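Written below as structure tokens is the structure these notes are about.
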Number of protein chains: 2
Amino acid sequence: MSKKIRIKDIAEMAQVSVGTVDRVIHNRGEVAEDSYRKIMAILEKTGYKPNLLARTLGSNKTFRIAALMPNPAQDEYWEQSAEGVKQAQDEWTQYGVEIHPYHFDLYNKESFASQAQTLLETPPDAVLTAPIFHQEALNFFRTCREQNIPFVVVNNTIEEGGSLSFIGHDLNQSGRLGAELLHLSNPQPGTYAILHVYDDVHNSLHLNEKEKGFKEYFAEQNGGGFKVISRDLNHTHEPSLEKELNDLLGDASLRGILVTTSKGAFIVSRLIEKKGKNGVRFVAYDLLKENLHYLENGIIDFLINQNSKRQAFIAISQLANHLLFKKDALPTYLFPLEIISRQNLKSYLNTGH
Amino acid sequence: MSKKIRIKDIAEMAQVSVGTVDRVIHNRGEVAEDSYRKIMAILEKTGYKPNLLARTLGSNKTFRIAALMPNPAQDEYWEQSAEGVKQAQDEWTQYGVEIHPYHFDLYNKESFASQAQTLLETPPDAVLTAPIFHQEALNFFRTCREQNIPFVVVNNTIEEGGSLSFIGHDLNQSGRLGAELLHLSNPQPGTYAILHVYDDVHNSLHLNEKEKGFKEYFAEQNGGGFKVISRDLNHTHEPSLEKELNDLLGDASLRGILVTTSKGAFIVSRLIEKKGKNGVRFVAYDLLKENLHYLENGIIDFLINQNSKRQAFIAISQLANHLLFKKDALPTYLFPLEIISRQNLKSYLNTGH
DNA sequence: CTGAAAGCGCTAACAC
DNA sequence: GTGTTAGCGCTTTCAG
């Protein structure tokens, strides 16, 4: 195990000065082909690792990261996300990283665009965002690329990349998992439903992936006898929504329901509570207060945790590592699909850590 | 927000030198009552926070952490744990933290004691261990306390503490979770079994907790009709073991089995594979190769992941933070109880992160 | 008791 | 192209 080896050591070995070594380490050019090779070789052989403390202390820089995220006041999911940003802030300020949050209205594309605009006026060194609005995100990313501002995205991908990294879940797999949980806990042939309950504005791409996974799972079960239905519902049309759900829950062949949106989970939970829970299994997403309540009292059987808090935290950390230490982020950072039940719930909560 | 304020600033304000300020910050004494007060006041008022980077860089110390753990070659679980130690090493060597592994024989108390002994000969600055052997661990901890060596434990607690931190799981809850998974996926009244398959040597305390949780869960299910049985089996007595298991699996009222040890999981898996899987549910622990195989082919229904790798990693990190940055560790750091199924397995594997 | 000064490992500006 | 050097903020030694 090579003991702490310093730039100075490398320099001596290569018979050059620390300045030169530093130049090749940072690819700053201005180095003779000859010395370059020599130094590189030694770097390799010795397995040199820079002392990051000294590095950040020495380069007395401070970095700005802008976080363009939905208004946390509008939605608990995004509130948790904001906590992740804050947590990252605590962790990274000591290294000279500033984090500047910009909030947009979750139901208003224009607000995304305008916040993106103002954010760019004092250009940050890097950007984190949740690209909820497709077209607007695309525009934003284009400018970022033009201005050479690295960015990472959380929550959902956008095909046309350019992002340093995507942090989130394999949504297809997520849909499969939902299917499996319903199926394993209620394996008789019958009907399994996947429900998307929207607001007026929504990004369906996100949810389509889950639906595909859900259907694939059942298609793959041999034996068959599984009917899969999917419903897209707009929760602003209260009456028709309620009717549709009542019909669904009334179906005697119904075995399980997966609801992909938090609004939807609340509505379906309340309905089931009113009608009384029968054998139908119910799986939903995320550790939101209302979901926890319905998990605890048995209305919801399992939750799949998407951990928006940690997504945000990791995203910032990737950016910080990129800026400070030139560590490059993984292009896609997929989270484990966490299954939450009544019995392991506590172990996921009260985590000071 | 007070901008970064340095020792030098404090010194100027107090009309003294940085040396004096440093002395009061570290309570090193040798400071006139007068200056002391003055400096303290300024420290308070300005809310001075030291730059930890500079701190650890400046005090050019190097710390030794000893990791007294089971021999990784004996067991895949502990192999993963060792990887966690190695990972922590990569992370912390750059900060001047050395990690020295000491391996003991998983089936031999004396080897624990003797390794503990040799470890103490070059006293480390801190210690990590898995207190598998009760009495021996107690002795070891006593010496650590006497010599003022902070230590953290993973895997299982030992009542009489003194440890900086315990990193692991709530074992009672873990047993409950096992029960729940069996129950939810096979809810008819009937028999549920919890099995401990030991080697000659074992620490039953550890598993007792799980068993208690398992039983409590079913006791709390209203409706009742659940019979819970538990078996302690010694896998060195092959024939009697096989007979006992066959009897168990032959019981038509059997609904589910939870096996608490890895050896046990393998044995039961093979047996079920031979007899053919019927409706009986089977839950085991940890992402070990053989378990993964049986999960994938449907013999095992769920795994509960104890993540020994991460336990070790976190443990070292707590120690390092304690030594380097004087951050104090949480007295108990409980991990989430991760449920692994066929559909979310992949999302827990191939994690470069 | 106190101040001055030499590091810690790395960066970056500036000569040559 | 390359070497030198002055920091970064803090610790620690050593005169006085």
Side-chain angles (χ1 to χ4, degrees), chain A residues 2-40 42-43 46-63 93-97 125 323-327, chain B residues 2-40 42-43 46-63 92-98 323-326:
Chain A
S2 50
K3 290 268 119 179
K4 340 211 69 195
I5 161 151
R6 294 120 65 246
I7 283 197
K8 201 179 164 191
D9 301 321
I10 306 276
E12 275 167 18
M13 294 168 135
Q15 320 230 62
V16 296
S17 75
V18 295
T20 310
V21 176
D22 192 65
R23 259 164 239 137
V24 354
I25 287 177
H26 294 295
N27 269 315
R28 271 203 258 290
E30 321 249 307
V31 172
E33 186 62 24
D34 211 34
S35 335
Y36 182 83
R37 276 193 218 299
K38 204 159 161 190
I39 294 173
M40 269 315 236
I42 302 186
L43 247 25
T46 57
Y48 167 77
K49 297 251 184 153
N51 180 327
L52 300 186
L53 298 189
R55 171 114 107 207
T56 65
L57 187 61
S59 83
N60 195 24
K61 278 206 197 74
T62 136
F63 292 103
T93 40
Q94 54 165 322
Y95 298 93
V97 176
D125 298 291
L323 294 173
L324 251 47
F325 307 134
K326 313 270 181 255
K327 283 188 194 162
Chain B
S2 50
K3 286 273 122 183
K4 334 218 87 189
I5 162 151
R6 292 120 68 243
I7 283 197
K8 201 180 165 193
D9 301 322
I10 307 276
E12 275 168 16
M13 292 167 137
Q15 321 231 60
V16 295
S17 75
V18 296
T20 311
V21 175
D22 192 67
R23 260 163 240 135
V24 354
I25 287 177
H26 289 87
N27 268 315
R28 271 203 259 291
E30 322 248 305
V31 172
E33 185 63 25
D34 212 33
S35 333
Y36 182 83
R37 275 194 219 297
K38 205 159 161 191
I39 294 172
M40 270 315 237
I42 302 186
L43 248 25
T46 56
Y48 167 78
K49 297 254 185 154
N51 179 328
L52 298 187
L53 297 190
R55 170 114 100 206
T56 66
L57 185 62
S59 84
N60 194 23
K61 280 205 196 73
T62 134
F63 293 102
W92 289 102
T93 40
Q94 50 167 315
Y95 300 94
V97 176
E98 291 170 7
L323 294 173
L324 252 46
F325 304 132
K326 312 269 180 254

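Just the heavy atoms: all of them, side chains too, but no hydrogens, waters or symmetry mates, feed the values below. All figures in this text were calculated on a predicted structure; none of them were measured in a lab. Proteins come first, then strands; the chains are lettered A, B, ... in the order of their sequence lines, and each starts at number 1.
- Looking at Arg37(A) and Glu33(A), a side-chain N of the basic residue comes within less than 4.0 Å of a carboxylate O on the acidic one, giving a salt bridge.
- No donor-acceptor pair under 3.5 Å is formed between the side chain of Thr20(A) and the backbone N or O of Val16(A).
- Contacts between residues 32-40 of chain A and DNA chain C, defined by a heavy-atom separation under 4.0 Å, are absent.
- Rounded to 10 degrees, the angle separating the terminal axes of the helix from dC1(C)-dG16(D) to dC16(C)-dG1(D) is 50°, with each axis obtained from five end pairs.
- Of all nucleotides in DNA chain D having an atom under 4.0 Å from a heavy atom of chain A, the first and last in 5' to 3' order are dG1(D) to dG9(D).
- Distance check: Leu53(B) CG to Leu53(A) CG gives 5.5 Å after rounding to the nearest 0.5 Å.
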Per-nucleotide protein contact string for nucleotides 7-12 of chain C, where B marks a base within reach and S marks sugar-phosphate only (heavy atoms under 4.0 Å, - for neither): BBBBSS
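- Under the 3.5 Å distance criterion, the side-chain polar atoms of Ser35(A) are left unmatched by any main-chain donor or acceptor of Val31(A).
- Minimum heavy-atom separation, Ala11(A) to Ser17(A): CB-C, 3.8 Å.
- Atom CD1 of Ile7(A) is separated from atom CD1 of Ile10(A) by 8.0 Å, given to the nearest 0.5 angstrom.
- Using a 4.5 Å heavy-atom threshold, the side chains of Val18(B) and Arg6(B) count as separate.
- Listed by chain and number, the residues in a salt bridge (charged side-chain N to carboxylate O under 4.0 Å, His left out) with Glu30(A) amount to none (sequence neighbours excluded).
- With sequence neighbours excluded, the residues forming a side-chain contact (heavy atoms from CB on, under 4.5 Å) with Lys61(A) are Ser59(A), Phe63(A), listed by chain and number.
- Residues Pro50(A) and Arg55(A) share a closest heavy-atom pair of CB-NH1, 3.6 Å.
- At a threshold of 4.0 Å, the pair Asp9(B)-Lys4(B) does not count as salt-bridged, since none of the basic side-chain nitrogens sits closer than that to a carboxylate oxygen.
- By the 4.5 Å heavy-atom criterion applied to side chains, Tyr95(B) and Leu57(B) are not counted as neighbours.
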